[in-house]
Amino acid sequence: MDIEFSEQQSLIQNSARNYLAATFNAQMLRDFRLGSQVDAEKIWQEMADLGFMGIAVPEEYDGFGGNFADLLVLLEEMGRVTLPGPFFSTVVYATEVLKALDKQNINSVILPAIASGAITLALVMGDEGNIFDVAGLSLTAQPDKDGYILNGVGQFIPNGYESDYVICAAHIGSAKTQKNDTGIFCIAVDVPGLERKPLNSMNGLCVAKLTFDNVHICRDDLIAQGSDTWPALEQAMFRTAVAKCAEMVGACARIVEIVVEHAKERRQFGKPIGSFQAIQHHCADMLTDLDSARWMMYKTGWLIDEGKASRSDMAMTKVWCNQACRRILAKGHQVMGGIGYCEEHDMPLFYRYIRMAEAAMGTSDDHLTIVAEDLLWETFA
Amino acid sequence: MDIEFSEQQSLIQNSARNYLAATFNAQMLRDFRLGSQVDAEKIWQEMADLGFMGIAVPEEYDGFGGNFADLLVLLEEMGRVTLPGPFFSTVVYATEVLKALDKQNINSVILPAIASGAITLALVMGDEGNIFDVAGLSLTAQPDKDGYILNGVGQFIPNGYESDYVICAAHIGSAKTQKNDTGIFCIAVDVPGLERKPLNSMNGLCVAKLTFDNVHICRDDLIAQGSDTWPALEQAMFRTAVAKCAEMVGACARIVEIVVEHAKERRQFGKPIGSFQAIQHHCADMLTDLDSARWMMYKTGWLIDEGKASRSDMAMTKVWCNQACRRILAKGHQVMGGIGYCEEHDMPLFYRYIRMAEAAMGTSDDHLTIVAEDLLWETFA
Amino acid sequence: MDFNLTTTDAEQKFRSELGAFLDRELTPEICRQHSMDLGLGPEARAFALKLGATGWLGRGWPKKYGGSGGTVVDEYIMVQEFARREAIVPNIVARFMCGPVMLRNGSEDMKAEFLPRIASGEIEFSLGYTEPSSGSDLASMRMKAVDDGDSFVISGQKIFNTQSHFADYHWLAVRTNPDAPRHHGISLFVVDQRAPGITIRPIETLGGERTNEVFYDEVRVPKTRLVGELNKGFYYMAEALGYERLMLFQSVRLIPPFKRLLEYTKTTKRGGRLLADNPDVQRHLAQMATEIKVAQALEDRAFALLKNGDPLDHEASLLKLFGSAMRQRFADHALDILGPLGRLEEGADGAPLGGEMAKLAKTVVVDTIGGGTSEILKTVVATRGMGLPR
Amino acid sequence: MDFNLTTTDAEQKFRSELGAFLDRELTPEICRQHSMDLGLGPEARAFALKLGATGWLGRGWPKKYGGSGGTVVDEYIMVQEFARREAIVPNIVARFMCGPVMLRNGSEDMKAEFLPRIASGEIEFSLGYTEPSSGSDLASMRMKAVDDGDSFVISGQKIFNTQSHFADYHWLAVRTNPDAPRHHGISLFVVDQRAPGITIRPIETLGGERTNEVFYDEVRVPKTRLVGELNKGFYYMAEALGYERLMLFQSVRLIPPFKRLLEYTKTTKRGGRLLADNPDVQRHLAQMATEIKVAQALEDRAFALLKNGDPLDHEASLLKLFGSAMRQRFADHALDILGPLGRLEEGADGAPLGGEMAKLAKTVVVDTIGGGTSEILKTVVATRGMGLPR
C-alpha cells in the first residue's frame, strides 16, 4: 500500500499547478465565463506543449502514455483553477470514447491531433445529459446511399459550441432500444445542417445545444458500429464520471484552502473567526468530506488502472463526490460570509463550477440508481 | 391567530403533567419495559378517574368530549414520561377507528367502557405495521352459517398482548384487493384459536404477534362492513399518525430539557459544556427541530378539528416529526456523552421510545410516498 | 388554539380588497423589479405610490402619520398577500424596518417628516449597518460621527447596503462615543442618500442582486436627523429584530415556484419517463412540500406571539434559521430534480422554468449569512432561548 | 499509487494462512463473546491461546518479546481478517493499545513480563482513563497516586472501563504530580485488576455491552509497574492514538451485516412487493454501500501513511469522525429499510435478521462519543490538521 504520487505524477502535479497558477486569475476566469476568448488559443497551445493534451493518449499515438491515475492528477489541478474551455470534453470525454472504441485507423489520425493541441472535440450522447441509457441517445442516423443522414438535438453538450469536431452517438435506423444499433460518427462542425447554439448556464457558456437537421455524413465518418459499441461507450462514460470527480476534488481542495486562510485572518469579536468552534467544526467537516472524496476518487482511479473497477465502484465515486462537494461548497460559503457572495471574490467561481460538475456525467440520484441496480444483481464484495 | 392552549387544554396539561410526574420514575419505566405489571391496574384506573381515557370520547358516551387538539395536549404529556401500556392503542388507535365507523349500537357499549377504564383494546390492521394499504390487511374472514371464521397473523400489534379486546380489520371472503370487502370485528382475546405472543422490541414487550387460527366469530361481532369502511379506517389511521406525533414531540421536549440541564451543569475544560459553541449549536438545532415538529403537529390537529386537514397534511406531519425527532434524539445523545448511553440514565428510555414511534403509524418513507401521490394528483395550496 | 390569520370582518375585508388590488395592479415587471434588488424602475415606483394612495401601505400606523389604522394582523396580511404573489411590499425597508423604529423612538418632527412619506409609498431607505471589518460582530463598527455644533460630521465606509443605489435615505448606524463600551456608543441617523460626500460603489453578487459599498467623506448630517437618543442606536436596531425577521421572511413565497416545478415534472419526460413518475423526483417533491408547510406552521406560531404582544426574541432567530436552511434545501432538491438542464439560466434554449431554479439556487446562498449568520442565530437561540451560559 | 494491502509473498502467505485458521477456528459463539463486551467465555479464552500458540498474535513484535517478526502490514492484515469475519482480535486492548505503548516506553523488565503473555493470548488489559468528571477533558483527571517508598498508593474512581470485569490488568492513568500543569502530572500504571482494594461495579448500556466503574481504595502498586517515566503518561496515551484508532476501527466489519440485509431485501416482501423492488429501499442500500466503500478508501489512506512511517495525527481523528458517523447513518438506513419489524430484537418472532439491526442501532449511539467525541475530534482536525488557531 503506497498512496504517494509516483515521480511522474508529482511532475504532472507541479508542472500543472505552476503553469495554471501563473496563467489564470479570477478576472480572466470570469471573462471566460462571459464568453471572452482572449488568449484562449495561446493558452491551449501552451497546455499542449506542456503535454497536458496528450497525457492519456498512448505513446504510439504521440501521447504521453499516462495511466488513468495520471490523468486524475492533472484534472485535480485543473479543478483548482476551475479551468474553462474544451479540455475536458476533448482530452477526457472524447478521448475516453475513442480509446474505448479502439479503432486503430481512426485513433491514428485523431489522437495525435488531440495530443498536439491541433483539434478540440465535443461529444453528443444521450438526451439532456443522460449518458447512461442507450435508449436515450439523442440522434438517429438513417442510412442512405453514400452514407447517413443525421437528425436530432444534442442538448446540454459540454463545449459543443467551441469545438472543431463532434463525436456523435446515434441510433442507426429507427429502432431506439437496441444496443447493437449504436453508431459513432466523427464530424466536423461546419457540416451543413448542424446548428450550434451556446447556452447560458450557471457556469457561463460552457454547454451548447446542437441541432442536426438532415446532416449528411459520408460513410467514412462512421467510426464504430455493432454490438461492442455500446459497452465500450458505457465504460468510457463511467471512467469520464470518475475523471469529473477529480476536477471537483481539485476545486474543493482550493475552496478549503481559501476558507482556512480566511478563517485565520478574518477577525470578529476580537479574535480570528477560525478560533470559534462553529467555524472550526465547519472546517473539519469540509476536510473530512474533501479527504473522503479525494481518496475514493484516487482509489477508484487505481482500480481502473488495475482493470478491477466495477461499474458500481465508479458510480459510487461520483455519488460521494457529488454529495461531499456540495457540502464543502455550502460550508465554504458559510465560513466566508458576505464577501464570498460577491462576484469579485473567488467563491462564486467555485460555486458555478461545482454546481455544473455535480450534474455532469450523472447526478447523485442517477448514480445511486445504478449502484442499486448492480447491488441487486451482482455480488457486493 | 391564537396558539395559546385553551383553558381546558391547560387543565389537561397540568393535570396530566402533575399526575404522570408523580407516578412514574425511570426505574419503574424500565421495569415496565421488561414486563413488570406492578401497579399497572391501579395506574390505569387512576388515569381513567382523571378523565384521560375519555378525553376524546363524546359526552353522549360518557366521555370528556374533547376535540382532537385536546387529545394531542394529553398525548404530549404522556410522551414526556414515555408512558407504557395500552393507553395509545385503546384511547387513540381503537377509539379513532370506532369513532370513524360511527356505529351507535357498538359505540354506546364500547366507548363508555373505554372512558371508564374498564377495557383495553388493540387493533389488527395491515401486515407488519403497514396500515395504509387496504390490500395489506392481515386477516381474512370467511363467512359461515352463524358468523365468520378468522384466519391470519397480526404482526407487530401495539399492546396486542395485554389488551382485553382486539378490533380486527379483515378481508371478508377471499378477494384481497377491494376496499368494499373490508369488515371490522371486535373480539375478546380469550376466543378459542387466538394465540398472542409478546415480542421483544427495542422498547420492550409493547408489541405482539397475534395468530388467528380458524377463530369463530359470531355475526354480532362484525361491527362494520361495506364501502364506507375502508375510507373511515384510513381517516382514523391518519389521525392516529398525528396523535403519535404528539407523543414523539412530548418525548423530545423532555429530551431537550434533560440535555439543556446537563449542558448547564456538566463542566469540562473549566466551564459548563453549554458554554461551548458546538454544544450550543447542537442545542439550538434541537430546539429548532422541536419547535417545528411541535407547531406542525398542533397546526395539523387544529386543521383536523376544523375539518380541513388533507391526507397530505397529516402525512407531512408524521414525516417531519419522524425526521426532526430522530435528529433531536441523536444530538441529545451527543450532548449527554457517555452517561446518556448508560441504561441507568433517562436517555435510553427516550431512545427506545422514539425508535419505536418513528416506525409506528408509518415511517418517513411511507408518508413521503403518500405525500408524493397526493401532490401528483391533487392541488398543492 | 386557532391558526386562522383573519378573524375579524375588517381583516377579511382588508385581505380581499388588497388581494383584488394586487391581482389588478401587480405586473410581472414590477415583481421582477422587486425581487432583483437592482433598483426600482418607473413601474415599481408608480406602483408604490398607487398603493400608498389607497392608504394600505400605512396600515397598522396611526392616522396622523399617514397611516390608516388597522392592526399588526393587517400588516401581516399585507406581507403575506405580496409574498404569495412573489412580490415584496414596496419600500419594504422603510415600511417594516426603519419606520417602526422611528415610530417608537423618533422625535415628533422626524415622525412627521418621514412617516407620511413612507406610508404614501414615496421614499425608501437603505440599511447602513455592516462594515468590512464588522459583520457578525456588528457592535465593533468603527465608522464615526463627530459632533460639530448643529450637525455631525461622518466619515468612513459601510458595505452590503443593498438598496443604497435607489433608496432615498440611508439608515445609518455609526459610533458616536468611542470611549463607551461597544454597544453603548452607537447612534442611528437618517441621511440623505444623495448628500455631498457620499460615494456608492456597486457590488455584484452571485445571486445577481446588486449591493453596495457606501463611502462617507466628511458628510454633514444635521442633529435633527439623529434617531431617538444619542448612543442608543444599537438597542433600537436590536429591539426591532424579531418583528423585522417575521415580516421580511415568508415561506409562502416558495409556493408559486414549487407549483411551477411540480407542474413541470408532470409534463416533462426524461429518458422516456415523466419526471413525476421517477421515485427520486417524487421523494424530493414530497420533502419540499412538507418543509414549506412546516415553515408556515413556525411562522404562524411566531406571528401568534407577536399578535399576542409576547416578546419575539429567540423565536424569530429560530424562524430565520429554519427558513433560510429550508430555502437552501429547497434549491438543492430543485436542482436534483431538474438535473443538468436545471443548471441552464434565463434565456438559455431549453432552460426549465426559464432558469428560475438555477437563479434561486444562487440567491439562497446568502440566506444563511445575511441578516444574521446561522452561527450567530444558533448562539442566540441557545443562550437567550435555552438559557445556556454565554 | 498502490492500494494493495499485501504486496510481498510473505504478507500474502500470512493472510491466507491466518484466514484459513480463522475460517476453521472462529465459531459464532466466539464472535458473539468478542462483540458483546460481556466478558470472554471459555471458548474465547481458548481461542485466544490457540491463536497465540501460532505466533500470529505477536506478529509485528520482536521475537524476544514473544512476537514473530513481520511488519505493521501483518498487524493490519490480522485486524482486517478478524473484522471481515465480524470478530475482534483477542485481547485487543492489550495487543493494540497497551502492548505497543509498553514496547516503546516500558522498562526491560516490564516488557519481558507482559509482552510475551500478550502475544501468547494469555492476558487482556482494560483502559482506565475516564473519570466521572473527566470525559472529553481527560487531562483534568483527579484520581491520584501517592508515592510511598517502593510503591504508589492509589485511591479514586474511574468510569467506562469496559473490559475491567474480565481483563487481567488495568492500564491506569492517574495524577502523580498535582502541582504540575495538567498534562504534565499524569502517569500510567499496570495494575492487577484483581488487586485488593479494587471494586468493580457494572454499568449496563443501551447497546447491551457491559462497562464498569472501577473504584480504588488505597490500592498499593509497586513502582516496577509504572509505565515508562513518571509524569509522562499523558504523552504515552496521546502518541498511540492514531495507530489505535486505525487498528480498532474497520469498516469492513459492516460488509457481512450489509450483505445479510441486502439478501433479506431480495427475499422478503412487504405489501406484496419485494423490499428490493422498493425505490426507497434501493436508495438506502446504494447509499450504505457507497459509504462503506468510501470509509475503506479513507482507511487505506490512513494505513498507507502509517506504513510509510508518516505521523498519523489528525488523519486518524478524521477517520474516526467519518467512520462513527457513517455507522450511525448505516443503522438509520437499516431501520428505514426494515420498517416496524426492524425494531424487533433478538428472540422476537419475526425479527428480521434475528434483530441484529435493532441491536446495531443501539450500539452505534456511543460511536460518536466513546474514544473521543466527534466535537473534540473536529477541533483536533481543525487545529492540528488545518492550522486554525486554538
Side-chain angles (χ1 to χ4, degrees), chain A residues 126-130 132-133 135-136 153 155-156 176-177 197-205 207-209 211 266-270 273 276 278-279 282 326 329-330 333-345 347-348 351-352 355-356 358-366 368-369, chain C residues 130 132-140 159-160 203-209 211 213 268-272 278-281 283-284 325 328 332 335-352 355 358-359 361-363 365-366 368-370 373-376 378-379:
Chain A
D127 288 340
E128 304 175 3
N130 175 4
F132 298 107
D133 179 12
V153 176
Q155 173 62 300
F156 208 82
K176 276 203 85 174
T177 47
K197 195 196 280 188
L199 300 174
N200 184 26
S201 79
M202 289 178 99
N203 196 24
L205 306 169
V207 290
K209 179 175 179 179
T211 307
R266 170 82 176 168
R267 297 175 71 86
Q268 291 286 274
F269 304 102
I273 62 170
F276 288 97
I279 300 297
H282 283 335
R326 179 181 280 190
L329 182 66
H333 270 291
Q334 200 56 30
V335 176
M336 287 306 306
I339 197 70
Y341 188 64
C342 302
E343 277 288 3
E344 63 202 60
H345 192 269
M347 279 302 288
Y351 182 90
R352 295 164 176 282
R355 280 303 201 182
M356 286 297 278
E358 68 178 9
M361 316 307 301
T363 64
S364 304
D365 287 340
D366 293 338
L368 281 171
T369 304
Chain C
T130 304
S133 62
S134 297
S136 285
D137 183 14
L138 206 51
S140 72
I159 192 170
F160 302 131
I203 299 178
E204 194 191 341
T205 66
L206 174 58
E209 313 90 10
T211 184
E213 287 180 297
T268 309
K269 287 189 176 184
R270 187 193 298 149
N278 178 333
D280 290 325
V281 170
R283 179 174 43 82
H284 289 301
Q328 291 180 347
D332 281 341
L335 290 190
D336 284 341
I337 290 169
L338 296 173
L341 291 195
R343 275 71 179 176
L344 294 181
E345 297 211 343
E346 196 179 348
D349 193 353
K359 163 94 180 144
K362 291 185 297 177
T363 305
V365 167
V366 82
T368 50
I369 296 169
T373 65
S374 292
E375 289 72 24
I376 294 289
K378 285 184 186 181
T379 299

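We name chains A, B, ... by the order of the sequence lines, and we start the count at 1 in each one.
- Under a 4.0 Å N-O distance rule, the pair A:Asp365/C:Arg283 qualifies as a salt bridge.
- The two residues A:Gln268 and C:Ser133 have their closest heavy-atom pair at NE2-O, 2.6 Å.
- Among C:Thr211, C:Ile369, C:Ile203, C:Val366, the single residue meeting the side chain to side chain contact (heavy atoms under 4.5 Å, CB included) criterion with A:Tyr341 is C:Val366.
- For a residue to count as touching a neighbouring chain, one of its non-hydrogen atoms must lie under 4.5 Å from one of that chain's; by this rule A:Val207 touches chain C with the side chain only.
- Heavy atoms only, all atoms of each residue included: A:Ile339 and C:Phe160 are closest at N-CZ, 3.7 Å.
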Could you walk me through whether C:Glu375 and A:Ile273 pass side chain to side chain contact (heavy atoms under 4.5 Å, CB included), step by step? CA-CA 11 Å; C:Glu375 289 72 24; A:Ile273 62 170; over 6 Å; no
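- Between C:Leu206 and A:His333, the closest side-chain pair of non-hydrogen atoms falls below 4.5 Å.
- Heavy atoms only, all atoms of each residue included: C:Glu346 and A:Asn200 are closest at O-ND2, 3.6 Å.
- Between chain C and the residues A:Arg267, A:Arg266, A:Lys197, the largest count of heavy-atom pairs under 4.5 Å involves A:Arg266.
- For the pair A:Gly270 and C:Asp137, the tightest heavy-atom approach, listed with the atom from each and the gap, is N-OD2, 4.3 Å.
- Closest heavy-atom contact between A:Lys209 and C:Asp349: NZ-OD2, 2.9 Å.
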Take A:Met202 and C:Glu345 through the test side chain to side chain contact (heavy atoms under 4.5 Å, CB included) and record every step on the way to the result. CA-CA 6 Å; A:Met202 289 178 99; C:Glu345 297 211 343; 3.7 Å; yes
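- Neither the backbone nor the side chain of A:Ser364 comes within contact range of chain C; no heavy atom of the residue lies under 4.5 Å from a heavy atom of that chain.
- With a 4.5 Å cut-off on non-hydrogen atoms, A:Tyr351 touches chain C through its side chain but not through its backbone.
- More than 12 heavy atoms of other residues, nucleotides or ligands sit less than 6.0 Å from atom CD of A:Glu344.
- At a 4.5 Å heavy-atom cutoff, the contact between C:Leu344 and chain A is made by backbone and side-chain atoms alike.
- When all heavy atoms of A:Ala359 and C:Pro340 are compared, the closest pair comes out as O-CG, 3.5 Å.
- Considering only heavy-atom pairs separated by less than 4.5 Å from chain A, the leading option among C:Ala361, C:Gly342, C:Gly370 is C:Ala361.
- If you measure heavy-atom distances from C:Lys378 to chain A, you find no contacts under 4.5 Å at all.
- In this structure, chain C has a heavy atom under 4.5 Å from the side chain of A:His282, while its backbone stays farther away.
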For C:Thr373 and A:Gln334, run side chain to side chain contact (heavy atoms under 4.5 Å, CB included): C-alpha distance rounded to whole Å, both residues' side-chain angles, the deciding distance at 0.1 Å, then the answer. CA-CA 8 Å; C:Thr373 65; A:Gln334 200 56 30; 4.3 Å; yes
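- Of the two parts of C:Ile376, only the side chain, counted from C-beta on, holds a non-hydrogen atom closer than 4.5 Å to a non-hydrogen atom of chain A.
- For the set C:Pro132, C:Ser136, C:Gly347, C:Ala139, the entry with the most heavy-atom pairs within less than 4.5 Å of chain A is C:Ser136.
- Within the 3.5 Å criterion, the main-chain N or O of C:Arg343 finds no donor-acceptor partner in the side chain of A:Arg355.
- For chain A, the nearby parts of C:Ser374 are the backbone and the side chain; heavy atoms of each come within less than 4.5 Å.
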Decide yes or no on salt bridge (charged side-chain N to carboxylate O under 4.0 Å, His left out) for C:Arg270 and A:Asp366, but give the supporting numbers first. CA-CA 12 Å; C:Arg270 187 193 298 149; A:Asp366 293 338; 5.0 Å; no
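- Interatomic distance, CZ of A:Arg326 versus CD of C:Gln328, reported as 11.5 Å (0.5 Å rounding).
- Here C:Asp332 is the residue among C:Asp332, C:Asn278, C:Ile159 with the most heavy-atom pairs under 4.5 Å with chain A.
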